[in-house]
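Note that the structure is predicted; figures quoted are calculated from it, not measured.
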Amino acid sequence: MSAPRFEDKPRLDESAMAMRAAAEIKEGMVANLGFGIPMLISSFVDPDAEVLLHSENGVIGFGSVIEDPARADRYCINGGGQPVERRPGMSFMSHEESFTLIRGGWVDVTFLGALQVAANGDLANWKVPGKISGALGGGQDLAFCAKSVVCITTHQTKDGTPKIVKRLSLDITAPRCVKRLVTDIAVIDVTPAGLVLREVLPGWTPEEIQMVTEPELEIPGGVVEMAL
Amino acid sequence: MSAPRFEDKPRLDESAMAMRAAAEIKEGMVANLGFGIPMLISSFVDPDAEVLLHSENGVIGFGSVIEDPARADRYCINGGGQPVERRPGMSFMSHEESFTLIRGGWVDVTFLGALQVAANGDLANWKVPGKISGALGGGQDLAFCAKSVVCITTHQTKDGTPKIVKRLSLDITAPRCVKRLVTDIAVIDVTPAGLVLREVLPGWTPEEIQMVTEPELEIPGGVVEMAL
Amino acid sequence: MPIDKVVASFDEAVADVADGSMIHVGGFGGPAEYPSYLIAALARKNVTGLTITGNHSGFSEPQLAMMKERMASLMAYPDDYFSPGLLVDRGQVAKGILAFPVLPGAALKVPFEELLEQGKVELELIGQGSLAERIRAARAGIAAFYTPVGPGTVTQGEKDVRWFDGRPHVLERALKADFSIIRAHKADRWGNLTYRGTARTFNATMAGGSHCTIAEVDELVELGDLDPESVVTPAPYVQRVVVRPPQAVSDWRTPC
Amino acid sequence: MPIDKVVASFDEAVADVADGSMIHVGGFGGPAEYPSYLIAALARKNVTGLTITGNHSGFSEPQLAMMKERMASLMAYPDDYFSPGLLVDRGQVAKGILAFPVLPGAALKVPFEELLEQGKVELELIGQGSLAERIRAARAGIAAFYTPVGPGTVTQGEKDVRWFDGRPHVLERALKADFSIIRAHKADRWGNLTYRGTARTFNATMAGGSHCTIAEVDELVELGDLDPESVVTPAPYVQRVVVRPPQAVSDWRTPC
């Protein structure tokens with residue numbers, strides 16, 4: 001499907017998407033932050049909120065990314081290799097235990113990047129077209145086993161092609177796993193009845209969101225503006 | 001098979017059998033001491049020798065049983081619930097890791113009790129005849145997975161019936177696992193060619209040992225006296 | 001709302017344990033390993049039809065007194081030592097998944113053996129290693145695994161057998177319970193746990209092996225007091241924490 | 001003879017690694033996780049036809065310099081940081097069992113990707129969780145296990161699928177290597193190990209996942225100095241210990 005690019009319209013940058021995604025984390029949750037944009041989330045979590053941020057390399061209960069190299073701690077890093085704050089209540093674990101936590105269903109929500117998401121929640125995020133192979137990382141375990149999967153992604157590729165599609169054309173990471181999409185222009189839920197538009201970035205109409213989304217969106221009366 | 005009882009002949013008591021069995025533990029070995037008589041072994045290991053005694057409840061590197069209640073440590077006990085000495089180099093582990101150590105083949109030798117041992121090394125030690133069920137404990141994992149299994153047992157039951165038999169009549173614990181038998185009157189190896197008599201308690205002849213042993217024993221020229 | 005998994009009493013901690021629940025019961029048998037106060041609370045609640053898993057089926061009260069006396073030359077047992085045998089003896093247990101359902105020696109007939117002979121309890125006999133691994137598998141989201149332990153023996157039963165590397169292996173299934181009741185040493189209010197010596201045993205293995213893990217602990221510490229390198233059970237595996245009383249409560253009937 | 005697993009040099013530690021060996025390579029990718037000096041020793045030894053397992057296939061030397069520069073605003077990387085990419089780039093690797101064989105972004109083509117395109121290396125792609133569990137299974141004597149991760153995707157491949165609890169599961173096999181090369185924090189001469197923070201990761205998982213585990217450690221301590229409650233890897237899983245030099249050796253070609 002080709003779609004208009006709406007070059008003149010506002011779009012959230014990666015940090016702003018991460019900020020919106022951070023609002024998905026409720027106090028008391030175990031939240032895993034995947035590789036890429038999701039790693040930015042830890043800096044937008046209320047530092048007074050008690051959430052257990054988990055990173056697949058074997059740490060739970062850490063805080064925001066440390067931006068000052070003088071304070072960096074090479075023994076406390078997230079899955080993207082960034083140093084993160086130590087917080088009371090944290091602990092370290094082996095890789096096998098880190099994925100015991102993931103596979104066993106102890107992660108309430110995980111945030112993953114996406115190349116494509118299908119209307120039924122199928123996710124493709126490991127292999128870029130044209131590459132000989134891809135980066136599976138820990139994302140497949142998370143996509144299959146976390147209680148809830150939230151994808152953070154631009155709504156379209158750079159050439160305007162929709163990333164939210166009827167059926168995946170790229171290699172699948174995990175079937176029917178995505179529960180919610182936070183994009184640079186909208187928030188969409190994957191429900192048994194199909195995709196439901198929940199929030200729209202100011203400057204866009206629900207109809208314009210539909211124009212850059214391949215499957216049909218249910219547009220309920222309660223669509224609200226994306227708030228950061 | 002019925003067998004003579006040789007009531008007037010000397011026999012090792014449990015402590016003496018444990019003492020002889022302790023000689024099987026070479027420096028550097030990981031040795032597991034099973035429930036019953038084997039637990040006595042730790043007190044006969046040279047305290048200067050560096051061996052790693054393992055107990056299935058999750059401790060490795062401990063020392064002898066502490067016989068003085070005033071010094072007892074209820075947080076450092078063996079698989080029989082006896083307090084044991086803490087030694088440098090020891091560590092504690094969960095039950096799953098304790099059996100990872102056992103199942104993974106990291107235990108060099110284990111000492112187990114026996115109700116019957118067959119000529120091919122089959123072991124029966126979990127269910128006493130007449131009982132509705134038995135005590136499997138950790139013995140089955142050890143019998144299947146330790147690199148070497150040494151059984152410590154009286155040679156005959158109280159009524160004189162041989163415990164070393166052609167074929168098990170009791171419920172099997174593990175097949176073809178026993179490598180060596182230390183009894184109250186002899187040391188016998190289980191080899192692919194059959195049972196080989198290695199040591200005889202002073203006061204007994206190899207022929208008398210054969211009379212209380214159901215399968216045929218190979219009696220090589222090199223049979224020596226059991227030394228403690 | 002800060003995360004606070006601490007509950008005020010043992011009775012409150014087990015309030016939602018229903019008849020017919022499956023419960024992993026921590027400990028091995030030693031004097032400081034059982035979640036004694038949680039066992040006592042289940043006895044007081046008089047919940048029935050339980051399936052219990054664990055190492056040992058435990059002793060009746062008179063047997064416990066004998067056992068304590070027999071062990072006195074080695075080690076004193078605490079007054080607040082309650083074993084799963086309390087629940088078995090009171091008829092609260094319908095099934096045991098156990099490594100020691102009966103004692104190795106013939107001297108003593110434990111309550112589970114009595115009831116097994118009378119057809120009043122069901123037994124699934126299993127070695128400690130397979131039991132521990134099945135519980136760990138539940139925590140780890142592993143549905144089943146092939147172990148070399150058991151082919152050709154009582155523990156094979158009706159289970160699938162498949163050969164790997166020239167040896168037969170038995171397919172064992174994950175064992176996820178409704179509740180794990182365990183004993184730990186220190187906890188914080190998030191549910192991070194440490195254990196003490198050989199009291200780690202099945203307690204650490206059962207943490208996370210069920211839908212709801214309840215930890216009976218010696219001491220509650222401030223968040224941040226546990227060394228992040230030394231936490232054995234991370235917080236997500238634990239749903240409730242309850243602190244043992246400073247003075248031993250030696251009668252299980254006493255609410256606490 | 002006391003037990004002493006300490007070897008004097010990295011070259012000695014890898015002396016018996018043969019062409020065609022399978023090696024678990026510890027670490028995740030961060031600045032203090034790889035067994036850098038053991039990797040350097042394997043490069044000097046120039047052993048070939050290796051199968052390596054691990055998280056990431058690693059960078060070439062020029063890429064490493066770029067990566068260090070890119071990360072400098074967050075964190076300085078040490079001069080003695082060597083990744084599995086050194087072995088890949090030198091053509092010593094025949095096969096990788098990896099979660100990140102190529103990078104997620106398209107910007108940089110790592111050596112493994114180049115060689116994969118040229119048909120000069122073989123790839124078994126696997127997610128971190130299944131990889132870690134397969135290595136743990138090797139340590140634990142579990143031949144194979146059913147995981148819910150992978151059915152219907154690239155990682156299912158030719159593997160058996162079976163349904164449990166209404167979900168398809170893939171049968172994954174234990175992955176036992178000839179050697180594990182890992183990095184740890186403290187060791188005693190028996191091979192007991194502790195780790196430091198997020199450097200625990202695959203290092204602790206790979207300890208015992210092979211016939212011979214070689215631990216590169218920051219510090220050797222006296223027997224008895226490690227707290228028995230805090231040992232992460234118990235001695236039997238470790239066959240050799242080698243201590244990192246006090247001053248960084250920044251050229252991998254320098255024998256040490």
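- Contacts between residues 115-130 of chain C and chain B, defined by a heavy-atom separation under 4.5 Å, are made by L116(C), E117(C), L123(C), L125(C), I126(C), G127(C), Q128(C), G129(C), S130(C).
- Side-chain contact between P31(C) and I77(B) is present, with heavy atoms from C-beta onward closer than 4.5 Å.
- Ring orientation note: the planes of F202(C) and H95(B) are close to parallel, at an angle under 30° on the 30°/60° scale.
- With a 4.5 Å cut-off on non-hydrogen atoms, N125(B) does not touch chain C at all.
- One distance of note links NZ of K109(C) with NZ of K131(B); it measures 7.0 Å at 0.5 Å rounding.
- S91(B) meets the side-chain hydrogen bond (donor to acceptor under 3.5 Å, both in side chains) test with no other residue; sequence neighbours excluded.
- The 12-atom threshold is not exceeded at CG of D165(C), counting heavy atoms of other residues, nucleotides or ligands nearer than 6.0 Å.
- Interface remark: M90(B) contributes no atoms to any contact with chain C (heavy atom separation under 4.5 Å).
- Of the two parts of R139(C), only the side chain, counted from C-beta on, holds a non-hydrogen atom closer than 4.5 Å to a non-hydrogen atom of chain B.
- Within the 4.5 angstrom heavy-atom criterion, no atom of F62(B) approaches chain C.
- Between atom CD of residue E96(B) and atom OG1 of residue T205(C) there is a gap of 4.0 Å, rounded to the nearest 0.5 Å.
- Taken to the nearest 0.5 Å, the CZ atom of F28(C) stands 6.5 Å off from the OG atom of S55(B).
- Within a 6.0 Å radius of NZ in K166(B), other residues, nucleotides and ligands contribute 12 heavy atoms or fewer.
- In the displayed structure, E27(B) atom CD is contacted under 6.0 Å by more than 12 heavy atoms of other residues, nucleotides or ligands.
- For the pair F99(B) and V149(C), the minimum side-chain heavy-atom distance is 4.5 Å or more.
- With a 4.5 angstrom heavy-atom cutoff, T153(C) touches chain B via backbone and side-chain atoms both.
- Scanning residues 133-144 of chain B against chain C with a 4.5 Å non-hydrogen threshold yields S133(B), G134(B), A135(B), L136(B), G137(B), G138(B), Q140(B), D141(B), F144(B), sorted by number.
- For the atom pair CZ of R74(B) and OH of Y81(C), the computed distance is 11.0 Å after rounding to the nearest 0.5 Å.
- The number of heavy atoms from other shown groups lying within 6.0 Å of NZ (K95(C)) is above 12.
- Contacts from residues 181-191 of chain B to chain C, taken as heavy-atom pairs separated by less than 4.5 Å, involve no residues at all.
- Contacts of M71(C) with chain B are made by side-chain atoms alone, with heavy-atom separations under 4.5 Å and no backbone atom involved.
- Atom OG1 of T198(C) is separated from atom CG of N57(B) by 5.5 Å, given to the nearest 0.5 angstrom.
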